[in-house]
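Inspection log for the structure reproduced underneath, given as structure tokens.
The residues of the chain are indexed from 1 along the displayed sequence. No experiment lies behind these values; they were computed from the predicted model shown. Whatever order the structure lists them in is the order used to number ligands and atoms, beginning at 1.
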Amino acid sequence: MASERFVYQASPQRVLFGSGTLAELPAEAERLGCRRLLVLSTPGHRHLADEAATLLGGRAAALFGEARMHTPVEVTAEAMAVVRAKSIDGTIAIGGGSTTGLGKAIALRTDLPQLVLPTTYAGSEMTDILGETEAGRKKTVRDRKVTPETIIYDVDLTLTLPVPLSIASGMNALAHAVEGLYAKDGNPILSLMAEEGIRALGSALPRIAGSPADGPARRDALYGAWLCGVVLAGTAMAIHHKLCHVLGGSFGLPHAETHAVVLPHAAAYNAEAAPAAMAGVARALGVDNAPAGLFDLTRTTGALVSLRELGMAEADLDRAADLAVADPYWNPRPIERGAVRALLWDAWEGRRPG
Ligand code: NAD
């Protein structure tokens with residue numbers, strides 16, 4: 001059913017999806033009119049960057065394999081030196097959110113076209129959001145310039161993603177959809193994508209946990225992650241993302257794993273204030289209770305379920321609660337310090353909601 005009034009902003013991105021789609025890279029570079037490309041990766045994915053460069057032949061002008069988590073500005077400065085020295089006219093990011101982030105940081109400074117080949121479920125490739133770290137502080141910018149022009153989803157590139165990271169990254173994607181369903185600027189189009197994304201990931205993650213190289217499961221997970229990324233791009237995130245930014249930014253907790261632990265508790269916090277969203281999540285997961293269903297999905301796939309297991313000290317919970325209620329994001333349920341502290345305590349202990 002259509003809501004009374006809403007805004008839907010489509011993004012002019014080109015998306016290729018399938019297995020073996022890496023082979024389309026030269027044709028897609030040609031379509032963008034790029035002849036001097038910079039191939040980006042993390043040190044661990046250098047072999048993929050080499051493979052991409054071989055495919056591109058003379059169009060690969062340089063490789064930069066030093067992308068790092070949270071896009072430190074000094075790494076971007078090093079990459080920018082290569083961009084200038086080699087007269088680069090476009091970038092190819094092959095990797096997870098960290099590599100995509102570097103491509104976006106270059107685009108923010110140059111407006112060069114970006115081609116992204118995602119290897120995790122983070123979803124950054126669909127958004128106009130860039131988080132950069134300078135002097136230990138992460139700040140987020142939104143700018144159309146950073147939205148990648150072309151995304152090549154190649155399911156084969158995700159087959160090597162280790163199971164714990166696959167589950168955590170998948171939960172990171174689910175978090176975009178769950179918060180998109182109760183976002184203040186949500187709309188029925190993105191809600192369709194959110195529910196379909198949750199359905200795809202909810203079905204795929206247990207299959208991946210049992211059989212990491214299961215092609216159809218990997219395909220469903222990547223498809224779901226793409227949809228969840230579109231939802232992240234189109235809606236304002238709420239308490240869950242605020243908590244994860246606090247826990248990652250001020251306590252150094254790992255990005256995807258923190259999302260996986262916090263999501264069931266953020267959903268529980270909002271359950272009464274956002275019944276339609278919870279019904280959508282429950283429907284998509286095939287469960288009665290959305291927060292408990294999210295928790296069970298994490299636990300049954302063998303992922304970590306508590307902040308304690310992620311290395312957070314109990315003594316830090318009070319400061320985390322203070323930071324989470326300072327300058328809060330909009331949320332369907334009012335942000336109250338006592339309730340947020342209780343949420344964090346449940347997440348620290350890894351208690352099943354409901
Ligand atoms: P990541 O890119 O750092 O990858 C995590 C780890 O997985 C790395 O060690 C990487 O080498 C490894 N890896 C990635 N793909 C692999 C594969 N297929 N096989 C084997 N190993 C693989 O982490 P991430 O979770 O993808 O992204 C997190 C970063 O992205 C954070 O900095 C986060 O803030 C950012 N992010 C940004 C947005 C946005 O819209 N701006 C959205 C989501 C995440």
Side-chain angles (χ1 to χ4, degrees), residues 11 13 19 22 40-49 51-52 65-73 75-76 93-105 107-108 114 116-133 137-148 151 153-177 179-180 197 208 212-213 218 221-222 225-226 228-237 240-242 244-249 252-260 263 303:
S11 175
Q13 293 175 292
S19 285
L22 173 63
L40 306 168
S41 74
T42 53
H45 268 139
R46 187 66 195 225
H47 61 287
L48 276 182
E51 200 181 323
E66 301 301 324
R68 289 218 315 265
M69 190 79 133
H70 303 311
T71 330
V73 289
V75 173
T76 303
I94 182 158
S98 299
T99 311
T100 306
L102 177 58
K104 289 170 136 182
L108 182 69
Q114 305 170 66
V116 181
L117 292 116
T119 63
T120 70
Y121 307 131
S124 174
E125 65 279 359
M126 299 315 297
T127 81
D128 61 353
I129 308 163
L130 167 66
E132 292 191 288
T133 313
R137 285 179 63 103
K138 188 160 178 176
K139 69 172 199 307
T140 302
V141 286
R142 275 196 108 123
D143 192 312
R144 285 260 185 104
K145 272 192 289 196
V146 311
T147 305
I151 294 90
Y153 285 110
D154 187 337
V155 178
D156 298 350
L157 298 180
T158 65
L159 295 175
T160 51
L161 192 62
V163 167
L165 198 53
S166 300
I167 304 305
S169 190
M171 295 302 290
N172 181 189
L174 278 177
H176 310 328
E179 294 233 291
I208 289 171
R218 289 289 185 181
L222 194 59
W226 164 19
C228 293
V230 177
V231 177
L232 171 67
T235 54
M237 296 288 109
H240 170 79
H241 280 75
K242 173 75 184 185
C244 291
H245 290 164
V246 165
L247 295 170
L253 298 192
H255 179 84
E257 290 82 354
T258 305
H259 274 272
L263 183 61

[atom]: which protein heavy atom is closest, and how many Å away?
atom	answer
atom 11 (O) of ligand 1	Thr42 OG1, 3.8 Å
atom 34 (O) of ligand 1	Lys138 NZ, 2.8 Å
atom 4 (O) of ligand 1	Thr120 CG2, 4.3 Å
atom 43 (C) of ligand 1	Ala122 O, 3.3 Å
atom 16 (C) of ligand 1	His45 CE1, 3.2 Å
atom 6 (C) of ligand 1	Leu165 CD2, 3.5 Å
atom 20 (C) of ligand 1	Thr160 O, 3.4 Å
atom 15 (N) of ligand 1	Thr119 OG1, 2.7 Å

Examine [X] against ligand 1 and note whether any of their N/O atoms are separated by less than 3.5 Å.
X	value
His70	yes
Gly97	yes
Thr127	yes
Asn172	no
Thr99	no

Relative to the heavy atoms of [X], which atoms of ligand 1 are at a distance of less than 4.0 Å?
X	result
Gly96	2 (O), 26 (O)
Met69	3 (O)
Leu232	40 (O), 42 (C)

Checklist entry - Is Lys104 in contact with ligand 1, taking contact as a heavy-atom separation below 4.0 Å? => result yes
Please work out whether any backbone atom (N, CA, C, O) or any side-chain heavy atom from C-beta onward of [X] is under 4.0 Å from ligand 1, and answer side chain, backbone, both or neither.
X	value
His255	side chain
Ile129	both
Leu157	backbone
Thr71	neither

Does the side chain of [Y] come within less than 4.5 Å of [X]'s, by heavy atoms?
X	Y	answer
Thr235	Glu179	no
Leu22	Asp156	no
Glu132	Lys104	no
Glu257	Leu165	yes

Next on the checklist: Looking at atom 8 (C) of ligand 1, tell me if a protein heavy atom falls under 4.0 Å from it.
Outcome noted: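 No.
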Is a donor on one side and an acceptor on the other found under 3.5 Å between the side chain of [X] and the backbone of [Y]?
X	Y	value
Thr133	His70	yes
Thr99	Ala93	no
Arg218	Ala213	no
Ser169	Tyr121	yes
Ser166	Leu161	yes

Next on the checklist: Just to be sure I'm reading this right: ignoring hydrogens, which of Gly229, Ala256, Gly95, Ser98 gets closest to atom 25 (O) of ligand 1? Compare them by their nearest heavy atoms.
Outcome noted: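 It is Ala256 whose heavy atom sits nearest to atom 25 (O) of ligand 1.
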Checklist entry - So, for Val231 and Met237, which heavy atoms are closest and what is the spacing to 0.1 Å? => result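 Heavy atoms of Val231 and Met237 come nearest at O-CE, 4.3 Å.
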Next on the checklist: Is it true that, when you exclude Arg68 itself, more than 12 heavy atoms of the residues, nucleotides or ligands shown sit nearer than 6.0 Å to its CZ?
Outcome noted: no
Item to check | Interatomic spacing from NE2 in His45 to CD in Glu51 - rounded to 0.5 Å | outcome: 11.0 Å
Checklist entry - What distance separates His241 NE2 from Thr140 OG1, expressed to the nearest 0.5 Å? => result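 Atom-to-atom, His241:NE2 and Thr140:OG1 are 10.5 Å apart.
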Next on the checklist: For Ile94 and Leu157: C-alpha separation, side-chain torsions, deciding distance, then whether side-chain contact (heavy atoms from CB on, under 4.5 Å) applies.
Outcome noted: CA-CA 9 Å; Ile94 182 158; Leu157 298 180; 4.3 Å; yes
